[in-house]
Amino acid sequence: MALDKLKSIRTEKGLSCKQVADSVGISKEYYWMIENGKRRLNYELAVKIAQVFDTSPDNIFLGNQLTYSEQESTT
């Protein structure tokens with residue numbers, strides 16, 4: 001699940017919810033709600049969060065249930 005990945009990346013980087021929230025300009029509570037599936041986020045906020053982790057929003061928030069070859073065969 002994408003939200004599990006968000007928390008995993010944050011903990012791997014050694015950051016608290018507050019540190020990420022401060023970096024993107026939202027409250028710690030709002031970030032916690034995003035990470036725990038209680039609030040949705042818009043694309044702009046997803047980009048800001050991804051920048052904190054030096055990655056793309058797709059890498060964090062896009063489900064990756066399909067392998068690359070399976071994705072190619074569906075297009």
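Annotation for D54: atom CG does not count as buried by contact number, only 12 or fewer foreign heavy atoms lying within 6.0 Å.
In plain terms, the two heavy atoms of K28 and C17 that are nearest each other are CG-CB, 4.1 Å. Residue V52 comes nearest to S23 through the heavy atom pair CG2-CB, 3.6 Å, listed as atom of the first residue, atom of the second, then distance. In this structure, A50 and S56 approach most closely via the heavy-atom pair CB-C, 3.5 Å.
Here the CZ atom belonging to R10 is positioned 12.0 Å from the CD1 atom belonging to I60, to the nearest 0.5 angstrom. Once rounded to the nearest 0.5 Å, the distance linking CD1 of I49 with CD1 of I26 reads 5.5 Å. Atom OG of residue S27 and atom NZ of residue K18 lie 9.5 Å apart, to the nearest 0.5 angstrom.
Side chain of K7 to backbone of N36: no donor-acceptor contact under 3.5 angstrom is found. Looking only at distances, no side-chain donor or acceptor of S8 sits under 3.5 Å from a matching main-chain atom of D4.
For the pair L41/F61, a side-chain contact is recorded, criterion being any heavy-atom separation below 4.5 Å from C-beta on. Between V24 and Y30, every side-chain heavy-atom pair lies at or beyond the 4.5 Å cut-off.
Pairs engaging residues 37-50 under the salt bridge (Lys or Arg N to Asp or Glu O under 4.0 Å) rule: E44-K48 [sequence neighbours left out].
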